[in-house]
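Naming convention: chains lettered A, B, ... in sequence-line order (proteins, then strands); numbering from 1 in each chain. Values below: every heavy atom of this structure, side chains too, minus hydrogens, waters and symmetry copies.
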Amino acid sequence: MTIEDVLKQKFGYDSFRPGQQETIHSLLKGRDTLSMMPTGTGKSLCYQLPAYLMDGVTVIVSPLLSLMQDQVDQLKAGGEKRVIALNSFLQYEEKTRALLHLQHYKFIFLSPEMLQVQPIIQAIQRLTISLFVVDEAHCISQWGYDFRPDYGLLGDVRRKLNEPLTLALTATADEKVREDIKRQLCLTDPKELVFSVNRPNISMKAERMEDPLQKQKKLVELVRFFKKPGIVYFSGRKAAEEAVMLLKLNGVKKAAFYHGGMEAGDRLLIQHQFLNGELDVVCATSAFGMGINKEDVRFVIHYHMPSQMEAYLQEIGRAGRDGHPSIAVIFYVHGDERLHEFIAQSELPSCDQIKQAATQHQSLDQVEPPLTDIQKRFLEHYTKQAVLEGKRAESYILQVREHLLAKKAEKRSQMKEWIDSDECRRAGYMRFFNEEPSGQQQCCDRCGIDLAVYKENDQGNKPVKNLDWRGRLNNLLPGL
DNA sequence: CGCGGCTGTCTTACGACAGCCGCGGTGCTGTAAT
C-alpha cells in the first residue's frame, strides 16, 4: 500500500496538509524526526499514518489524560480497535489484563510518569516498537526541569526501549527549545522540520493600562464588542472567576471560568460547552488550552502577561483555526510580570530548604517550612541526578535552582520587551523564531488595524436555537 | 514580593487613609481507608 492509499482508505483524505507528508516521509526513511507544525494542522496523522505502514506498536507519550482520551476516541471512531490509554483511569484488573495482552495493540498512549512505573516499562520493553512519539514535545523543555521531572527522563526511557524510531511533535518551540528536545531525547542527527509559526489571520494588539480598573472596563468593552466566541487568559484563578461575574453583570451571559482548581467533571463540562458553542467566553488560566480544538475562536484576550513568548503564542494560536480573521489583545500594567517572578520562586524549594534537606539526612517531611509536592519531587530528582554525576547534592541543587530561575527571568523579560517594543508585533515574534517577517494587512496595532473587522455584526437578535445545559436543566427541574 | 481589599481609627465630614492580611499555575500517579 502506498502512503496515498492509506491516507484515502484509513483517513478519508485526498491530500496532505502542509508538513504532514514531509514528516511521514522522514519517518518512513527510518529517521528520527522533530516536527514543528502550526496548531490544528493535523499533527496526529503524522504518526497514525506511518503506524499502519509499519509492523510493530506505536507508543505515544502524551501530557494530559484528556488528550489521550480524545486521541483514543478519535482512533476508535475511525474503526481502530487496537488502541489503549495506559493511565490511572484504568481499574486494577483492566490494567493487569492490558499488560498481559499489550502486544495486540497498535497504539498505546501513556504519560511520562507511567513510563517510570516498573511493571509498565517492563511490559513495554517486551514489545516490538515501530514508532515512539512524543506529542506536545515542548513539555520536555517547559516542564521537564521542575514541574514534571519525568519529562526529563524520556531520553533514558528511549534507551531502555532500545532507541526506537522517534517522532517529536510540537507547535511552538524556538531554536533553544528544539535543541533541548533533541538533547533530552538523545536524538542523534534527527531530521528537523520547522514550519512557519506565522498565523496571518490573527492580528495582534497590546494595550498598556494605567491601573487594574482600566483593565476591567476595557475587558467588558472588548468582550461585548468582539465577535464571539473568545477566550480570556488570566494569571490567577480568582481573577478568572471574578471576571466572569463582571462580564455577566455587564450583559455577557454565556461566560464561564476554567482553571486547574476545579473538579475534573466541571472542567470537562466547561470544555464541552465551549466546543459545542454554548459559551461565548471562557475566562481561564493557562490550564485551558491543550486539547481545545475549536475552529471558530474569534478572539483571545490576555488580561495578564503570560510568563513567556511560547506560552503567549500557544494561547493566541487557539484563535482563528478556521482561517477567518481573528484578533489577539494583550493588556499590560506595570508590575504584571512580578506575579510570575513570585510563582517561579515559590515553585522551587528555597535555598534554606535545600540546605536543610541536604544536612538533615532524614525525611524531607521534616524540612521547615514544609515542602510542597513539587518541591519534594524536585529535591528527590536532582539529588539522584547529583549522585549520578558524582557531585555534592547541596551545591548541585542550589546551582540548578539559580540556573532555572535565571532562565525563567530571561523568558519573562523577552515577553516584556515584545510588549514594550515599538516595532511590528508580528515581526517581533517571528524574529523570536528566526523567521523573516512578512508584511500583511490587518497585522498589528503598530502597523495599524481596523478593529471593526472583529466586531460582532448581528445586533443580539439571535434566535435562541439551543438552550444551554442550565436552560435544559431548568426545564427539567424548574427553580433549581 | 507586591498588590488589592478590608478594617479600624481619627476625625469632626456623607470621608480619608494607615496598616494589616491574604493571595498568587501548569498534572501525573498511587495508596490507604472506608
Query - Atom P, compared across B:dG8 and B:dC28: separation rounded to whole Å - result: 43 Å
Requested in this report: For A:Leu110 and B:dT29, give me the distance from atom CG to atom P, rounded to whole Å.
Outcome: 9 Å
Report summary line: Result for 5'-nearest mapping on DNA chain B, choosing between A:Phe288 and A:Leu86, is A:Phe288
Query raised in the report: Whole Å only: how far is the CG atom of A:Leu339 from the C1' atom of B:dC1?
Result: 10 Å
Query - Ring centre gap for A:Phe257 and A:His259 strictly below 6.0 Å - result: yes
Query raised in the report: Taking any strand in view, what nucleotide pairs with B:dC21 in a Watson-Crick or G-U wobble way, both distances under 3.5 Å?
Result: B:dG4
Query raised in the report: If the P atom of B:dT12 is compared with that of B:dA18, how far apart are they to the nearest Å?
Result: 15 Å
Query - N-O pairing of A:Lys76 and A:Asp73 below 4.0 Å - result: no
Query raised in the report: Contact class for A:His340 vs. all strands (heavy atom < 4.0 Å): base, sugar-phosphate, or nothing?
Result: nothing
**Report entry** Whole-Å distance separating the CD atom of A:Glu242 from the C1' atom of B:dC23
**Finding:** 11 Å
Query - Nearest-angstrom distance from the residue atom CD of A:Gln345 to P of B:dT26 - result: 19 Å
Query raised in the report: B:dT26 C1' sits how many Å from A:Gln142 CD, rounded?
Result: 8 Å
Query - Nucleotide B:dC1, atom P - distance to CD of A:Glu337 in whole Å - result: 16 Å
Query raised in the report: Does A:Ser235 put a side-chain nitrogen or oxygen below 4.0 Å from OP1 or OP2 of B:dG24?
Result: no
Query - Pair A:Phe288 + A:Phe274: ring centers closer than 6.0 Å - result: yes
Report task. Side chain of A:Trp143 only, please: which of B:dC1, B:dT26, B:dG25 is the nearest? Result -> B:dT26
Query raised in the report: Within the pair A:Ser286 and B:dT26, is there a side-chain N or O less than 4.0 Å away from OP1 or OP2?
Result: no
Query raised in the report: Would one find a side-chain N or O of A:Arg338 under 4.0 angstrom from OP1 or OP2 of B:dC3?
Result: yes
Query raised in the report: Where the side chain of A:Val117 is defined as all heavy atoms beyond and including C-beta, which of B:dG30, B:dT26, B:dC28 is the nearest nucleotide?
Result: B:dG30
Report task. Check whether any side-chain heavy atom of A:Glu278 sits under 4.5 Å from a side-chain heavy atom of A:Lys254, and report yes or no. Result -> no
Query - Integer angstrom distance from the C1' of B:dT11 to that of B:dA16 - result: 9 Å
Query raised in the report: Contact class for A:Ile374 (heavy atom, under 4.0 Å): base, sugar-phosphate, or nothing?
Result: base
Query raised in the report: A:Tyr233 has an atom OH; how far is it from atom P of B:dG25, in whole Å?
Result: 15 Å
Query raised in the report: Which one, B:dG30, B:dC28, B:dC1, comes nearest to the side chain of A:Ser111?
Result: B:dC28
Report task. Name the closest nucleotide to the A:Met114 side chain, picking from B:dC28, B:dG30, B:dT26. Result -> B:dG30
Query raised in the report: Does A:Arg377 place a side-chain N or O at less than 4.0 Å from the phosphate oxygens OP1/OP2 of B:dG27?
Result: no
Query raised in the report: Nearest nucleotide by nearest heavy atom, which residue falls closer to the 5' end of DNA chain B, A:Glu341 or A:Glu347?
Result: A:Glu341
Query raised in the report: Do any side-chain nitrogens or oxygens of A:Lys95 fall under 4.0 Å of OP1 or OP2 in B:dG30?
Result: yes
Query raised in the report: Can you tell me how far C1' in B:dT26 sits from the matching atom in B:dG22, rounded to whole Å?
Result: 22 Å
Query raised in the report: For A:Tyr332, is the NZ or CZ atom of A:Lys215 found under 6.0 angstrom from the centre of its six-membered ring and inside 45 degrees of the ring axis?
Result: no
**Report entry** Pi stacking test for A:Phe147 and B:dT26: under 5.5 Å apart, planes under 30°
**Finding:** yes
Requested in this report: Compute whether any side-chain donor of one residue and acceptor of the other, for A:His138 and A:Gln314, lie under 3.5 angstrom apart.
Outcome: yes
Query raised in the report: So what does A:Pro112 touch, heavy atoms closer than 4.0 Å: a base, only the sugar-phosphate, or nothing?
Result: nothing
Report task. Please determine, for B:dC10, whether a Watson-Crick or G-U wobble partner exists with both distances under 3.5 Å, and give it or none. Result -> B:dG15
Query raised in the report: Between A:Tyr312 and A:His302, does the ring centroid distance fall short of 6.0 Å?
Result: yes
Requested in this report: For B:dT29, give its Watson-Crick or G-U wobble partner with both distances under 3.5 Å, or none.
Outcome: none
Query raised in the report: What is the distance, rounded to the nearest whole Å, between atom CG of A:Asp150 and atom C1' of B:dC28?
Result: 8 Å
